[in-house]
Amino acid sequence: MDYNQGATMPFGNTHNQMKMNYSAEQEYPDLSKHNNHMAKVLTPAIYDRLRSKQTPSGFTLDDVIQTGVDNPGHPFIMTVGCVAGDEETYEVFKELLDPVIEDRHGGYKPSDKHKTDLNPDNLKGGDDLDPNYVLSSRVRTGRSIRGFCLPPHCSRGERRMVEKLSNEALDSLTGDLKGKYYALKNMTDAEQQQLIDDHFLFDKPVSPLLLASGMARDWPDARGIWHNDNKTFLVWVNEEDHLRVISMQKGGNMKEVFNRFCTGLTKIESLFKEKGHEFMWNEHLGYVLTCPSNLGTGLRAGVHMKLPNMSKHAKFEEVLKRLRLQKRGTGGVDTAAVGGVFDISNADRLGFSEVELVQMVVDGVKLLTEMEKRLEKGQSIDDLIPAQK
Amino acid sequence: MPFGNTHNNFKLNYSVDDEFPDLSKHNNHMAKVLTKELYGKMRDKQTPTGFTLDDVIQTGIDNPGHPFIMTVGCVAGDEESYEVFKDLLDPVISDRHGGYKPTDKHKTDLNFENLKGGDDLDPNYVLSSRVRTGRSIKGYALPPHNSRGERRAIEKLSIEALSSLDGEFKGKYYPLKSMTDAEQEQLISDHFLFDKPVSPLLTCAGMARDWPDGRGIWHNDNKTFLVWVNEEDHLRVISMQKGGNMREVFRRFCVGLQKIEEIFKKHNHGFMWNEHLGYILTCPSNLGTGLRGGVHVKLPKLSTHPKFEEILTRLRLQKRGTGGVDTASVGGVFDISNADRLGSSEVAQVQLVVDGVKLMVEMEKKLEKGEAIDSMIPAQK
């Protein structure tokens, strides 16, 4: 799809009009020191074929890949290295993004279909994770509002409209979900302190992965945090995605957390629909989000749990892998564990439903707790090592 | 927060009110000048290379500024930015450059022989002397906006030009992306190495994209003439040496610059220049000469004198710490340089530094002896 709208739109085919005067070879980025999904996939030939294209909103290949060019990556951590600027990015640049998606999401093919299941009744158990080990439970996802560009590319007008629509939807939530919106740009010091104490406040991104893609432009305009009075349901507006939705509480009742998550999300979605807006979704990619790593469910369900013995066991990594789980430190992605407490969550996003992913967490955490208890007693866990899920 | 995202085709579907940035907490030149009306007038315009108003102002939106330091808050993406967006940039220029009017003409004078004196600043006080400027190569977009192909072409041309220099200018190019550890160490010890910008003023304007591709440092064997390629401007040219012989530093500066310019002209890529704005650079603050001529000078007594700031203002000089812009002075040593860039020539600006530093050294000596300096306080230059 070539959108040469130079005749009708004031903006040209590529943002820098001069670059098409240079050959693909002259413009192709130097990825020799790079280790990210984009760099693995983007050949000079693909660059050549895609470099003159743009989405209807004007997002170009160079826009998609800039963050991956500017952030070569890490030998141990494979970052994605590309972002979407709108829903159509995943179509216009599929030649790059399909292989990236396949690589990132365990071989997910362009012809695969993704299943969405937000019916919490389908979750088995999950209300009895041992609170002596499981300190807190949390489920998060993202949502994009159809018809607006995504955070790397949206204009101030679009971003403000996303905020306005979100406010309208969230304001009409009731009961357990009733809450309040705190715009980042006119928060009082007291409100800010409270949000920090509650661990709710998000700040201007500092990660170069995010900055290099343009997500922090115009900060803090139209960014804000909404949470319910009970402080168990939280929505971030216009951070890395249009919406980030988080359900959380202390202890091990993941079932309740997931119930609230599904109920709240479904309610918000219907409120948007009433106003003629829906979430970006399709049957191949599921929910469409800014980062290809969050496609599908966009869901990360996890617990903070104490695993001082298990985490030192030689088979810890292997066990996690087989359970399709990942560990993080308690500060979130790219942080270290403190005091033997780990953030354990689902590794997958795409190709499994929400219920399936939360089920993996519930079942996996139960098993890890058993293993920890065994190790505490000096017993072996060999018979508990699971098969690959 | 680099570039490119401001070329969003949908934004014109939103009203000026919806798109106008919130500048209520901002203190920079762009925020002082940009009204909704101006925004409305220019928001659908672009330069021939596709640079838009939102590109020009993004850095000023993302960096509200500082109550004490007035940043510029806007950048050019190409030579034409200063024409297409003159309704914003002319007032910014006027505000930043002491009332410089759209009809004013700027004088270029790179004839070092027109400088009077400057070879005898007292080395007991003046530790080092330096002159720097920037140059943009005609026909290429500027660092906030150029593509990789353009940036590499600039690097290639620069290497050709610099490699052909000889005599005192004979030197070597060190590309950032293939520097050895040893080379890097040496460049750091020589205080030559520049690193990926961390200042959000620069990163928000898109200047750090694709780092370190196309970037490098060239210097002569004597380590007295240095060129930065593709940092904040296409070229930054620096002449420096220890001691107080500013005349020599300026001579080398002028001679080297002119040699480089000749070579670029031969390739049909001269420097961006016009008779109103002088040398065109990325930041409006560097228009005109783009020149900062300065010394590191010991002024432990004068710097604590109540009239220090006043004297500097009258001499049309500014002080910085020895780490450069926005650093503090250490051990009573200050970086003293010309405050002006546009509206006076290179020779005139370096003359101000030479004469001003001479006077301040005299004042320092007086204060050392416990004598008053009241009779020496200069009139406003």
Side-chain angles (χ1 to χ4, degrees), chain A residues 3 5 9-30 32-33 54-60 62-63 66 69-70 85-86 147-149 151-158 160-161 185 204-205 208 210-222, chain B residues 1-22 24-25 43-52 54-55 58 61-64 77-78 139-141 145-153 156 177-178 196 200 203-204 206 208-214:
Chain A
Y3 288 84
Q5 308 209 345
M9 295 288 245
F11 303 92
N13 192 337
T14 54
H15 180 55
N16 176 326
Q17 321 286 49
M18 308 291 274
K19 62 184 169 180
M20 297 308 291
N21 297 337
Y22 295 79
S23 71
E25 201 192 330
Q26 286 170 324
E27 288 291 344
Y28 181 72
D30 179 350
S32 54
K33 297 196 175 76
Q54 63 172 347
T55 65
S57 76
F59 208 60
T60 65
D62 283 331
D63 290 325
Q66 190 66 53
V69 173
D70 290 341
D86 51 26
F148 298 93
C149 290
H153 192 49
C154 62
S155 72
R156 282 179 295 274
E158 292 188 284
R160 289 164 178 171
M161 185 59 83
K185 76 174 170 181
K204 183 171 178 176
L210 298 182
L211 296 178
S213 70
M215 289 182 223
R217 287 170 302 127
D218 313 313
W219 202 276
D221 197 309
Chain B
M1 289 134 277
F3 83 118
N5 310 281
T6 57
H7 61 293
N8 178 324
N9 290 347
F10 292 166
K11 60 184 168 178
L12 293 182
N13 297 335
Y14 292 79
S15 70
V16 172
D17 266 325
D18 286 336
E19 288 291 344
F20 186 70
D22 180 349
S24 54
K25 296 196 173 78
R43 71 181 188 125
D44 59 353
K45 298 197 186 314
Q46 62 173 345
T47 66
T49 68
F51 208 61
T52 66
D54 282 331
D55 290 324
Q58 190 67 52
I61 298 170
D62 290 338
N63 296 288
D78 51 23
Y140 298 99
H145 191 49
N146 55 15
S147 71
R148 283 178 293 273
E150 292 188 281
R151 201 184 296 113
R152 289 162 178 172
K156 184 163 181 285
K177 74 173 171 182
S178 54
K196 182 170 179 173
T203 54
C204 293
R209 287 170 301 127
D210 314 312
W211 202 276
D213 197 312

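The figures here come from the full heavy-atom set of this structure, side chains too, leaving out hydrogens, waters and symmetry mates. Lettering follows sequence order; numbering is per chain, from 1.
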Side chain, backbone, both or neither: which part of [X] has a non-hydrogen atom closer than 4.5 Å to chain B?
X: A/D221; value: side chain
X: A/K33; value: side chain
X: A/F148; value: side chain

(request) Just give me the residue among A/V69, A/D30, A/L210 that pairs up with chain B most often, heavy atom to heavy atom, under 4.5 Å. (result)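 If we count pairs closer than 4.5 Å to chain B, A/D30 comes out on top.
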(request) Using a cut-off of under 4.5 Å on heavy-atom pairs, state which of A/P220, A/S23, A/C149, A/S32 scores highest against chain B. (result)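 Counting heavy-atom pairs under 4.5 Å, the top option is A/C149.
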(request) Could you check if a side-chain atom of B/E150 sits within less than 4.5 angstrom of a side-chain atom of A/Y22, using non-hydrogen atoms only? (result)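 B/E150 vs A/Y22: side chains touch.
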(message) For a 4.5 angstrom cut-off between non-hydrogen side-chain atoms, does B/T203 reach B/K196?
(response)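 Counting from C-beta outward, B/T203 and B/K196 never come under 4.5 Å.
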Given a strict heavy-atom distance threshold of 4.5 Å, which part of [X] is in contact with chain A: side chain, backbone, both, or neither?
X: B/A153; result: side chain
X: B/D78; result: neither
X: B/P64; result: neither
X: B/D213; result: side chain

(message) Among residues at least two apart in sequence or on other chains, which ones pass salt bridge (charged side-chain N to carboxylate O under 4.0 Å, His left out) with A/R156?
(response)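 A/R156: salt bridge (charged side-chain N to carboxylate O under 4.0 Å, His left out) contacts with A/D218, B/D54.
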(message) Counting heavy-atom pairs under 4.5 Å with chain A, which one of B/N63, B/D18, B/N13 comes out on top?
(response)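 Most heavy-atom pairs under 4.5 Å with chain A: B/D18.
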(message) Hydrogens and angles aside, do B/S147 and A/N16 bring a side-chain donor and acceptor to less than 3.5 Å of each other?
(response)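 No, no side-chain donor-acceptor contact under 3.5 Å.
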(message) If you compare all heavy atoms of A/D86 against all heavy atoms of A/F59, which two are closest, and at what distance to 0.1 Å?
(response)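 For A/D86 and A/F59, the tightest heavy-atom pair comes out as OD2-CB, 4.2 Å.
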(message) Would you compute the distance between atom OG of A/S57 and atom CD of A/E158 and round it to the nearest 0.5 angstrom?
(response)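 A/S57 atom OG to A/E158 atom CD measures 7.0 Å (nearest 0.5 Å).
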(message) Among residues at least two apart in sequence or on other chains, which ones pass ring pair (Phe, Tyr, Trp, His ring centres under 6.0 Å) with B/Y14?
(response)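 Ring pair (Phe, Tyr, Trp, His ring centres under 6.0 Å) list for B/Y14, sorted by chain: empty.
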